[in-house]
There are 2 protein chains.
Amino acid sequence: MATGRTHRPATRSRGIPEATVARLPLYLRALTALSERSVPTVSSEELAAAAGVNSAKLRKDFSYLGSYGTRGVGYDVEYLVYQISRELGLTQDWPVVIVGIGNLGAALANYGGFASRGFRVAALIDADPAMAGKPVAGIPVQHSDDLEKIIQDNGVSIGVIATPAGAAQPVCDRLVAAGVTSILNFAPTVLTVPDGVDVRKVDLSIELQILAFHEQRKAGEEHPDGAAPPAAAREESDESADQGPDGDVPAVMPA
Amino acid sequence: MATGRTHRPATRSRGIPEATVARLPLYLRALTALSERSVPTVSSEELAAAAGVNSAKLRKDFSYLGSYGTRGVGYDVEYLVYQISRELGLTQDWPVVIVGIGNLGAALANYGGFASRGFRVAALIDADPAMAGKPVAGIPVQHSDDLEKIIQDNGVSIGVIATPAGAAQPVCDRLVAAGVTSILNFAPTVLTVPDGVDVRKVDLSIELQILAFHEQRKAGEEHPDGAAPPAAAREESDESADQGPDGDVPAVMPA
DNA sequence: CCATCTTTGTGCACGCGTTCACAAAGACAT
DNA sequence: ATGTCTTTGTGAACGCGTGCACAAAGATGG
Ligand SMILES: NC(=O)c1ccc[n+]([C@@H]2O[C@H](COP(=O)([O-])OP(=O)(O)OC[C@H]3O[C@@H](n4cnc5c(N)ncnc54)[C@H](O)[C@@H]3O)[C@@H](O)[C@H]2O)c1
Ligand SMILES: NC(=O)c1ccc[n+]([C@@H]2O[C@H](COP(=O)([O-])OP(=O)(O)OC[C@H]3O[C@@H](n4cnc5c(N)ncnc54)[C@H](O)[C@@H]3O)[C@@H](O)[C@H]2O)c1
């Protein structure tokens, strides 16, 4: 998972568990695909397969939204698309600003999947004066001096941060002060925000490191054939002779 | 959370819980920053604050790695950097290929934070013949015809998919067949992989939808002053009169 | 060497999330 | 109308993750 929420304790939002909320977009995507193929109804089993989850989980998730679905038949695709969209707040338009129009920010600005779900790129903001006025993805980049005005004029409540790590917290502070209450952060930093502001982060580096961890485990298991004891092959090897097959980085040892 | 794992049930990998593994990179980042400032030791309290987590959680996380840390003092920064790096498999070099060098793929290729943790971009692969040979971030793009050979020649086990959604599954299948066992997927699709292959996904659209959900809740609460009953303001409103303040999408109703 | 003070490591309890398994609901055929 | 068959919705059990709270460990000062 490339994410993690901040603040807002375990206050189940109106009764819909956070884990369920995180899956709703997944269901919505699968349902939209079915809708485009004019499929009228789906069973929980089919839809679960398409979304890559357990069917019991899917049914429980939907049960938090209400009793849509007909026993013996399944769920009405169009109706469910509407209900989930409404629950996620996608029946309204969400203006979004992107701050930091570098490699990543420009890619995000060019991303088509943005607009497809009610999100509209209201403005692109960068601190580089050389970029001001230059169009990216058809939208002229604006200077960060005008950040507050841009937020307020467009009624923006969702901000995307794609600046270097060092600039992320100051930018975040300005966004929040200007009225932004939801932030998607691509910079590799922990953002501190007041209560009531949601932060989600996407960190490529963290994802790769998690993959590397599992990759290392797979390589360390070394079982060409079937059932080898998966764990407990080595217990508390502490240090020494645990390196991969390749070379190793000389390590700094403690006092 | 922008992620979600696939397959591999709840098999706690060698005793380190998945949730802990996901936080190790966070600790590592904070520790690296301390190391650069030549800070010799940190307490769990300080480090937890820097990583944005609870200090008890941090201590429990570290306890899975072993008893590094000195009571009354804290943790030796350099030592901990090494131990976490080793646990995550970052003491070895991980060649990575990126498939789909469009807006996003190019941004990823240009991303400096890639190399900083033992990940090396071994190759860039695209299906567009016009891109073949063209350097992106100093690395010439190779045609996807040679995908299998590239994977094998470089001993690549981690692949990044940044192609359009429709191409993701076929690309994934080829990567896996060629020997890749860890995939980071940016395309908005559920990938199906054999057992033993790890998939993590990053989906911008899902993140925004989750933010929109909470944003809608905040807007719906409408409490200019202090303590209003957070939930149970409306119970089971089913349909009708639940739309946002703005316009609403005409919905298709079921039979 | 002893006392004090800081900070770790963890036992324990609790709550959330997942999954199983099944009764109830309803479609559909006869 | 009645029976059968499919599929939902959910009660209950279980396991994982989180956070509290505290005893043990060890540093530090006298
Ligand atoms: N490129 C990637 O694939 C990638 C992947 C993961 C994370 N990231 C992170 O995303 C961020 C951006 O990456 P990038 O490759 O686009 O970097 P970049 O250097 O290409 O772009 C950063 C942009 O932010 C602008 N900027 C700097 N300070 C600013 C400020 N105070 N206000 C507004 N704009 C400001 C710069 O002018 C520049 O245009 C970095 O934090 C990076 O670590 C990037
Ligand atoms: N741009 C973003 O910010 C962003 C954000 C989130 C998700 N995504 C997703 O990431 C993916 C890439 O986005 P993008 O904006 O870079 O798109 P893009 O169209 O700019 O780039 C896609 C690239 O993939 C290449 N390609 C197509 N089929 C291929 C194949 N079979 N093998 C190898 N290469 C192939 C194309 O030639 C092209 O260069 C999409 O699935 C998109 O939905 C993008």
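Residue numbering restarts at 1 for every chain, and letters A, B, ... go by the order of the sequence lines.
- No hydrogens or angles were tested; on distance alone, nothing pairs the side chain of K60(A) with the base of dT18(C) as donor and acceptor under 3.5 Å.
- Contact check, Y75(B) against dG9(C): a side-chain N or O comes under 4.0 Å of OP1 or OP2.
- Separation of the Y68(A) and Y75(A) ring centroids does not fall under the 6.0 Å cut-off.
- Atom CZ of R59(A) and atom C1' of dA24(C) are 13 Å apart (whole Å).
- One interatomic measurement links the two molecules: CD1 of I16(A) to C1' of dC16(C), which rounds to 16 Å at whole-angstrom precision.
- Between the C1' atom of dG9(C) and the OH atom of Y68(B) lies a distance of 14 Å, rounded to the nearest Å.
- For R23(A), the listed nucleotide lying nearest its side chain is dT18(C); candidates were dG26(D), dC22(D), dT18(C).
- Protein atom CG of L80(A) is 10 Å distant from nucleotide atom P of dG9(D), rounded to whole Å.
- As a whole-Å value, the separation of L58(B) CG from dT7(C) C1' is 12 Å.
- For S43(A), the listed nucleotide lying nearest its side chain is dT8(D); candidates were dT8(D), dG17(C), dT10(C).
- In this structure, the OH atom of Y27(A) is 15 Å from the C1' atom of dT8(D), given to the nearest Å.
- Going from atom CG of D61(A) over to atom P of dG17(C) covers 10 Å, rounded to whole Å.
- In the set dT19(C), dG17(D), dG26(D), the nucleotide with an atom closest to the side chain of T70(B) is dG26(D).
- When all heavy atoms are compared, the tightest approach of R29(A) to I206(B) is NH2-CD1, 3.7 Å.
- Taking only side-chain nitrogens and oxygens, N54(B) comes nearer than 4.0 Å to OP1 or OP2 of dC20(D).
- Here dT7(C) presents its C1' atom at 15 Å from CG of D76(B), a figure rounded to the nearest Å.
- Of the candidates dT18(C), dC20(D), dG9(D), dT18(C) carries the atom nearest the K57(A) side chain, counting heavy atoms from C-beta on.
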Practice item. Report the C-alpha distance between S43(B) and R59(B) in whole Å, list the side-chain angles of each, state the deciding distance to 0.1 Å, and finish with yes or no for side-chain hydrogen bond (donor to acceptor under 3.5 Å, both in side chains). Key: CA-CA 10 Å; S43(B) 67; R59(B) 286 198 298 277; over 6 Å; no
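- Between I158(A) and L208(B) the shortest heavy-atom distance is CG2-CD2, 4.0 Å.
- For S44(A), a side-chain nitrogen or oxygen approaches OP1 or OP2 of dT8(D) to under 4.0 Å.
- Put simply, the side chain of R71(A) and the base of dT8(D) share a donor and an acceptor less than 3.5 Å apart.
- Note on T20(B): nothing from the nucleic acid sits closer than 4.0 angstrom, heavy atoms only.
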Practice item. Any chance you could lay out the side-chain hydrogen bond (donor to acceptor under 3.5 Å, both in side chains) test for Q209(A) and S205(A), step after step, and finish with the verdict? Key: CA-CA 6 Å; Q209(A) 289 173 55; S205(A) 178; 2.9 Å; yes
